[in-house]
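Letters A, B, ... mirror the listed sequences (proteins, then strands); counts begin at 1. All values below come from the heavy atoms of this structure, side chains included, with hydrogens, waters and symmetry mates left out.
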Protein chains: 2
Amino acid sequence: MNLSDRKKQILRTIVEYYINTAEPVGSKALSGELGLSSATIRNEMAELTSMGLLEQPHTSAGRIPTPLGYRVYVNELMNSHRLSISETEEINKTMKVKMEQLDKVLSDASRLVSDLTSYPTYALAETSAPVTIRRFDFISVDQRTLIAVAMLSNNTVKNKLMNLTRPIDENFIQKLGAVFNANFTNLPETEMDATLIASIERATGDIYGIVASIAGFAIHVLSETVTKKAILTGTSHILEHPEYRDWQKAQKLMNYLSDDGNVIRLPEPDDNSDVKILIGPENVAEELKDSSVVVAKYDLGDGVKGLLGVVGPIRMDYAKVAANLSYIAQGMKAIAEGKETHLPVLGEKNEE
Amino acid sequence: MNLSDRKKQILRTIVEYYINTAEPVGSKALSGELGLSSATIRNEMAELTSMGLLEQPHTSAGRIPTPLGYRVYVNELMNSHRLSISETEEINKTMKVKMEQLDKVLSDASRLVSDLTSYPTYALAETSAPVTIRRFDFISVDQRTLIAVAMLSNNTVKNKLMNLTRPIDENFIQKLGAVFNANFTNLPETEMDATLIASIERATGDIYGIVASIAGFAIHVLSETVTKKAILTGTSHILEHPEYRDWQKAQKLMNYLSDDGNVIRLPEPDDNSDVKILIGPENVAEELKDSSVVVAKYDLGDGVKGLLGVVGPIRMDYAKVAANLSYIAQGMKAIAEGKETHLPVLGEKNEE
DNA sequence: CTTAGCACTCAGGGCTTTCGAGTGCTAAGC
DNA sequence: GCTTAGCACTCGAAAGCCCTGAGTGCTAAG
């Protein structure tokens, strides 16, 4: 998109003005800001309108950006928002709380973003590398109770308590361990089939019916780790934005988001960028055509990756949201590792 | 509250009419239903109004129940809603899906209720009996990695993977197990103090700094099990109800509910009843003064108890909500035990 | 005690008017 | 040739107004 510098400046000013006020921007308002007469600006605006970057809600109103206008803004004009000292300090302070499990990391990060941006925020996690069981251990609690512990290739540990119908003997437990570790480890879920399980039953001489339970546990564990996890926070924020004052619109969006499946299917940033921005109609889902999505990816190591995303009106403060998202996505790894977070404090004080 | 039979009937009819339509009820509408002239009904309504059971939104409108009116209705007039065959069948069908963890039981039950009632629904779980650690096990994964497994008195098992700075030797692991099981089991969290931990460090001759980590893990585990868990589903339903068309009201309520702490502090049914109903101003929280809460309690055994609650407008179908809640609360135990749920199919087909 | 009749009230919907922000166009100025 | 002042025009939003009709309380007759 080839625009004169002045057109660029006008477009940028309009987008930013509109992001803040949610009111169509008229030529007079800009003339003060840019040192040009309103007439001149009207001429420029007319051209931007015919180029499809601006539109008028009705004849006698100011201009608002079209989705294409936002796209040009985001691609070419947006100053990357520099987090102010107070912003980074707030983030760091909140992050410092040491977090323990993945669940908590996700929900805390998501809450943090949604508090900072006033938009609903989702966090997704998935373990990308195919997980296998690296090792089994069996611990007898008492004569009729056994704990099966599975250690996974991604360094997480799962366990299950099993109740037996008759007393079990210690030798058998040893044998269970030996056989399972020899034959049932490092397998993808698909190879844990009935034949294999039957052969293990024979090898151990299982008379408790426990082998089948353990195999079931193993399969369950693997299937569970593949599942993506979604967390959603701050949906009620959308009610603050005038574009969702119509309760049906708000509800449509909230319903869409409250189904984890939908959230999981949202797109992710390309390999070479860390934030992706989808503006209004660029979204594939019908329910999101009137909204925008900003999404960042993070990597916690150990094969755990995920997305952190924000959903809001098309009139969204893309610069600020993108800055916050990528800063926090970046910090999540430190958090997950339980380190005291110590992200660099960025930027100087922003324009305000 | 002493009312003539006719007054009772009129009050009941008004409440039920208003629950369905959300429109003030006039004397004419009732005269058809009750076989009395509108003038007579007006006289009765005037009296009910002066008794504080009904009110008029404005002079020329019909009557709506006051919170006190609802209270009388709930206490004395409400037919307990009999779930229709199709209703119970739907519930049973949905419940039959076998659920695995507490988390899932809660969120499924909560979703089920919110789908059935179209109100936001919360589910709380808490383990009431103080939990202790019954037993520790330590499994070495490799030279520098150790899994600590804690088995709790409520038959759940927790574990944590620990990384060591230097290779560990098998004898030391044995010793760890012996010492921890002898000195650190069956203790409340409060007794796991620094003195005790120091003495264990001495007894094991810990040179890895691992004792402190294990103790930390144990304390964390215990503190976590005491924590109440809250799940919230279907908040967007409130937008469907005309009393929350004003976005600020909707947001006030949603915000209040989205803070787990608030939800946890909601009241619970008295010992002798299984459902509690709080009508509008009867709620202590300012944010709930315009809403009603219906809450049922359940008991999953193993010391896990909880609440299942619905929040909605004061004009709520108390009978139906209470019936659904208590039916499902009753069924949760079966679900949690992984049984095929087989609740009795209740009632005959309802009035409609 | 019930009911028909009647005058009265008042919120809500529809219609009109007014107001003003903003526009495009034209003509004058630098 | 670009910029700007001026002007007529457009049209949504807000305000005012009227009308309608549902619902009321009261009274008097059955």
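- The CD1-P distance, from A:Ile10 to D:dC2, rounds to 15 Å in whole Å.
- The closest side-chain donor-acceptor pair between B:Ser236 and A:Asn255 falls under 3.5 angstrom.
- Nucleotide D:dT4 holds its P atom 11 Å from the CG atom of A:Leu34, rounded to whole Å.
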Legend entry - Annotated protein contacts, base or backbone, on nucleotides 12-30 of chain D with a non-hydrogen cut-off under 4.0 Å, one of B, S, - each: S---------BSBBB----
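- The distance between atom NZ of B:Lys7 and atom P of C:dT2, rounded to the nearest whole Å, is 10 Å.
- In terms of the ring pair (Phe, Tyr, Trp, His ring centres under 6.0 Å) criterion, A:Tyr244 has no residue partners (sequence neighbours excluded).
- Between B:Ile314 and B:Glu243, every side-chain heavy-atom pair lies at or beyond the 4.5 Å cut-off.
- Scanning DNA chain D for stems, defined as runs of 3 or more consecutive Watson-Crick or G-U wobble pairs whose donor-acceptor distances all fall under 3.5 Å, gives the following ranges: C:1-30 with D:1-30.
- A salt bridge links B:Glu282 to B:Arg71: at least one charged side-chain nitrogen sits closer than 4.0 Å to a carboxylate oxygen.
- The list of salt bridge (charged side-chain N to carboxylate O under 4.0 Å, His left out) pairs with a residue in residues 24-53 of chain B, not counting sequence neighbours, reads B:Arg6-B:Glu44, B:Lys7-B:Glu44, B:Lys7-B:Glu47.
- With a 4.5 Å cut-off on side-chain heavy atoms, A:Val263 and A:Ile231 do not count as touching.
- We find that CD1 of A:Ile41 is positioned 14 Å from C1' of D:dA5, with the value rounded to whole Å.
- Residue A:Ser37 places no side-chain N or O under 4.0 Å from the OP1 or OP2 atom of D:dT3.
- At whole-Å resolution of the value, CD in A:Glu44 and C1' in C:dG22 are 18 Å apart.
- Qualifying salt bridge (Lys or Arg N to Asp or Glu O under 4.0 Å) partners for A:Asp5, counting only residues two or more places apart in sequence or in other chains: none.
- Residues forming a side chain to side chain contact (heavy atoms under 4.5 Å, CB included) with B:Ala22 (at least two apart in sequence, or on another chain): B:Pro242, B:Arg315.
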